[in-house]
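All remarks here apply to the structure that follows.
Whatever order the structure lists them in is the order used to number ligands and atoms, beginning at 1. Everything numeric in this text was worked out from a predicted model, so none of it was measured.
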Amino acid sequence: MLNFDYSIPTKVFFGKGKISVLPKQIKKYGTKVLLVYGGGSIKKNGLYDDIVNGLKKNSIEFWELSGVEPNPRITTVRKGVEICRKNKIDLVLAAGGGSSIDCSKAIAAAYYYEGDAWDIIKNPSKISKVLPIATVLTLAATGSEMDTFAVITDIDVNEKLGTGHPDMAPRFSILDPTYTFSVPQNQTASGTADIMSHTFEAYFSSTKEAFLQNRMAEAILKTCIKYGKIAIDDPKNYEARSNLMWASSLAINGLLSFGKDSNWVAHPMEHELSAYYDITYGVGLAILTPHWMKYILDDTTVDKFVEFGVNVWDIEKGADKYAIANAAIAKTRKYFVSLGIPTKLSEVGIDESKLEEMAKKSVRYGKIGSLKPIDHNDVLSIFKAAL
Ligand code: NZQ
């Protein structure tokens with residue numbers, strides 16, 4: 001029975017030139033900003049200058065935290081908290097992909113917490129208040145620009161954990177697809193796989209009556225399939241970049257999952273790969289997903305895979321159910337390969353040595369997955385099949 005509360009509070013400014021709204025929007029929250037970004041892509045594509053010019057012209061004071069790592073580290077979060085406290089920051093502004101945004105969210109949430117920032121990553125219930133957060137997105141992938149989560153890594157202990165709080169939703173996000181023209185092939189591929197994976201997490205659910213959510217999920221998957229390859233072949237294609245960008249936000253902002261049972265499966269498995277091997281996030285997801293699909297395909301799940309094959313991959317109805325399901329899985333794998341993503345864990349430097357440990361940690365809170373929950377032995381089999 002569908003039964004849910006709906007709230008997607010982030011205000012979105014979408015389109016070329018929307019950076020112009022930034023100063024006015026910031027001033028609703030104050031005049032002291034911490035600008036958080038990564039390794040320098042925003043300096044190369046002009047976004048840094050666009051932001052800084054706008055802030056200076058409007059007498060908005062700002063401090064910078066640069067060098068946020070892909071798979072952002074808790075050490076960087078701690079640095080950000082220190083800057084915010086010392087300078088009484090009013091708003092944390094992330095400019096970049098999911099890593100810069102997640103780091104900003106963790107800083108904003110740790111700001112009001114008296115203990116160490118890692119505590120609020122391990123235990124979200126310790127978050128009581130959050131500094132306002134805003135984002136300028138440069139990579140269509142995680143959907144962090146419109147959701148309430150952050151994923152932070154403590155590489156010293158091989159832990160990559162997600163945290164969240166309703167107030168961690170950005171107050172506003174600026175989505176200008178032209179800032180994604182510079183995203184390289186591998187990150188475009190990884191981002192597209194991440195968007196598809198978020199959609200799969202909502203789509204392959206045990207909740208049967210969410211007809212509308214399922215059709216919206218299929219539309220997002222078709223959008224990724226159509227435009228992921230175009231964006232790789234023609235990086236400045238505005239139509240492709242804008243469709244991917246909007247798909248990224250809608251895949252995880254709750255639209256697809258409100259009312260559905262959702263117990264994620266590919267992401268908890270992948271988080272362990274990133275925590276131990278620091279691999280590109282979407283690549284891990286794309287390698288694991290077809291193996292997970294194959295592993296859970298049985299009489300209890302085959303109808304869902306038929307729905308997926310017919311509605312997403314346009315496979316003709318009426319053939320044998322398993323033939324449709326297997327063809328859909330094969331097409332999914334083939335699509336990731338067409339984006340240039342490897343198909344084996346060994347290709348990204350992962351060997352057998354840590355599989356058992358990673359499998360155990362994937363299910364640290366119990367079985368994962370909604371359509372067909374899996375345990376530690378199942379995860380281990382999937383990892384082995386993906387080697
Ligand atoms: O650091 P810079 O120089 O900015 O370069 C980045 C980085 O090297 C580069 N890049 C980003 N925008 C670019 C660009 N290069 C050229 N032009 C641009 N316009 O791309 C690289 C990857 O960036 P990153 O932010 O790490 O990627 P992504 O957006 O995929 O974020 C990955 C992180 O988000 C987490 C992941 O676990 C991972 O830590 N996730 C967060 C989620 C959430 N908050 O809801 C859900 C996701 O499933 C995911 O877990």
Side-chain angles (χ1 to χ4, degrees), residues 10 35-48 50 65-74 76-77 94-106 109 121 133 135-155 159-165 168-170 173 175-202 231 235-236 241 244-245 248-249 251-254 257 264-275 278-286 288-289:
T10 302
L35 172 61
V36 179
Y37 57 97
S41 69
I42 66 163
K43 291 200 168 160
K44 288 191 200 129
N45 69 6
L47 173 58
Y48 178 83
D50 292 346
L65 177 68
S66 61
V68 175
E69 312 81 0
N71 298 326
R73 307 288 196 268
I74 190 64
T76 312
V77 173
S99 295
S100 296
I101 300 175
D102 284 6
C103 185
S104 301
K105 287 175 169 178
I121 309 298
I133 300 153
T135 85
V136 185
L137 183 66
T138 66
L139 174 50
T142 65
S144 189
E145 67 276 9
M146 220 176 163
D147 75 19
T148 56
F149 314 112
V151 187
I152 302 295
T153 297
D154 185 344
I155 207 79
E159 293 277 15
K160 176 170 179 170
L161 301 175
T163 189
H165 187 277
M168 280 166 63
S173 283
L175 275 56
D176 177 342
T178 64
Y179 292 128
T180 66
F181 285 177
S182 54
V183 177
Q185 174 271 329
N186 64 330
Q187 291 295 342
T188 303
S190 160
T192 303
D194 193 16
I195 302 168
M196 291 177 74
S197 184
H198 292 149
T199 311
F200 289 146
E201 300 283 14
K236 294 191 175 166
R241 292 295 194 184
L244 289 174
M245 198 169 219
S248 130
S249 305
I252 196 177
N253 69 1
S257 56
W264 285 23
V265 61
H267 285 75
M269 287 194 281
E270 200 294 330
H271 282 178
E272 298 313 319
L273 306 185
S274 290
D278 201 18
I279 63 169
T280 301
Y281 188 64
V283 170
L285 289 170
L288 292 176
T289 295

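Counting the atoms of ligand 1 from 1 in the order shown, those under 4.0 Å from a heavy atom of N71 are 38 (C), 39 (O). Of all atoms in ligand 1, numbered sequentially from 1 with element shown, those under 4.0 Å from a heavy atom of N45 are 19 (N). Per-residue contacts place G40 under 4.0 angstrom from the following atoms of ligand 1 (heavy atoms of the residue considered): 3 (O). In summary, the atoms of ligand 1 found under 4.0 Å from a heavy atom of G38, numbered by their order in the structure, are 1 (O). The contact set between ligand 1 and P72, taken as ligand atoms under 4.0 Å from a residue heavy atom, comprises 39 (O).
Side-chain N or O atoms of D194 include none that pairs as donor or acceptor with a backbone N or O of G282 at under 3.5 Å. T192 places a side-chain N or O within 3.5 Å of a backbone atom of T188 that can act as its donor or acceptor partner. The closest donor-acceptor contact from the side chain of T289 to the backbone of A286 lies at 3.5 Å or more, if one exists at all. Of the possible donor and acceptor atoms, none in the side chain of R241 sits under 3.5 Å from a partner among the backbone N and O of K236. Side-chain atoms of S248 never come within 3.5 Å of backbone atoms of L244 as a donor-acceptor pair (strictly under, hydrogens ignored). Side-chain atoms of E159 do not come within 3.5 Å of backbone N or O of A275 as any donor-acceptor pair.
Counting only heavy atoms of the protein, atom 34 (O) of ligand 1 lies nearest to T142 CG2, 3.2 Å. For atom 11 (C) of ligand 1, the nearest protein heavy atom (residue, atom name, distance) is T138 OG1, 3.6 Å. With respect to atom 5 (O) of ligand 1, the closest heavy atom belonging to the protein is S41 OG, 3.8 Å. The nearest heavy-atom contact from the protein to atom 7 (C) of ligand 1 is P70 CG, 4.1 Å. Here the protein heavy atom with the shortest distance to atom 23 (O) of ligand 1 is L139 CD2, 3.6 Å. Of all protein heavy atoms, the one lying nearest to atom 29 (O) of ligand 1 is G98 N, 2.7 Å. The protein heavy-atom contact nearest to atom 2 (P) of ligand 1 is G39 N, 3.3 Å. Regarding atom 35 (C) of ligand 1, its nearest protein heavy-atom neighbour is D102 OD2, 3.5 Å.
Residue D147 has at least one N or O atom closer than 3.5 Å to an N or O atom of ligand 1. Considering backbone and side-chain atoms together, H267 places an N or O closer than 3.5 Å to an N or O of ligand 1.
By the criterion of a heavy-atom distance under 4.0 Å, the side chain of D194, and not its backbone, is placed next to ligand 1. The part of P184 lying near ligand 1 is the side chain, judged by heavy-atom distances below 4.0 Å. The parts of V183 lying near ligand 1 are both backbone and side chain, judged by heavy-atom distances below 4.0 Å. Neither the backbone nor the side chain of I42 comes within 4.0 Å of ligand 1, counting heavy atoms alone. Residue contacts with ligand 1, taken as heavy atom pairs separated by less than 4.0 Å, involve I252 solely via side-chain atoms from C-beta onward. If you look at A141 next to ligand 1, the close heavy atoms, those under 4.0 Å, all belong to the side chain. Contact annotation: for Y179 versus ligand 1, heavy atoms closer than 4.0 Å belong to the backbone alone.
Under the 4.0 angstrom criterion for non-hydrogen atoms, G191 is not in contact with ligand 1. Under the 4.0 angstrom criterion for non-hydrogen atoms, E270 is not in contact with ligand 1. In this structure, G143 falls outside the shell of residues with a heavy atom less than 4.0 angstrom from ligand 1. The closest approach between a heavy atom of E69 and any atom of ligand 1 is not below 4.0 Å. Judged by the shortest distance from any of its heavy atoms, K160 lies inside the 4.0 Å radius around the atoms of ligand 1.
When side chains are defined from C-beta on, I152 does not count as touching T163, because their heavy atoms never get closer than 4.5 Å. Contact annotation: the side chain of V151 approaches that of K160 to within less than 4.5 Å [non-hydrogen atoms, C-beta and beyond].
Put simply, atom 9 (C) of ligand 1 has no protein non-hydrogen atoms near it, under 4.0 Å away.
Under the 3.5 Å distance criterion, with hydrogens and angles disregarded, no donor-acceptor pair is assigned to the side chains of E145 and T10. Using modelled atom types and a 3.5 Å distance limit, the side chains of N71 and T153 yield no donor-acceptor pair.
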- Item | Verdict with supporting geometry, Y48 and L35, side chain to side chain contact (heavy atoms under 4.5 Å, CB included) | CA-CA 10 Å; Y48 178 83; L35 172 61; 4.1 Å; yes

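None of M168, K105, H198 except one satisfies the side chain to side chain contact (heavy atoms under 4.5 Å, CB included) rule with D147; the exception is K105.
Below 30°, between 30° and 60°, or above 60°: for H267 and W264 the angle between ring planes is between 30° and 60°, a tilted geometry.
Summarising the contacts of atom 22 (C) of ligand 1 with Q187, M146, K105, the nearest heavy atom is found in Q187. Counting heavy atoms only, S182 comes closest to atom 18 (C) of ligand 1 of the residues A94, G97, A140, S182.
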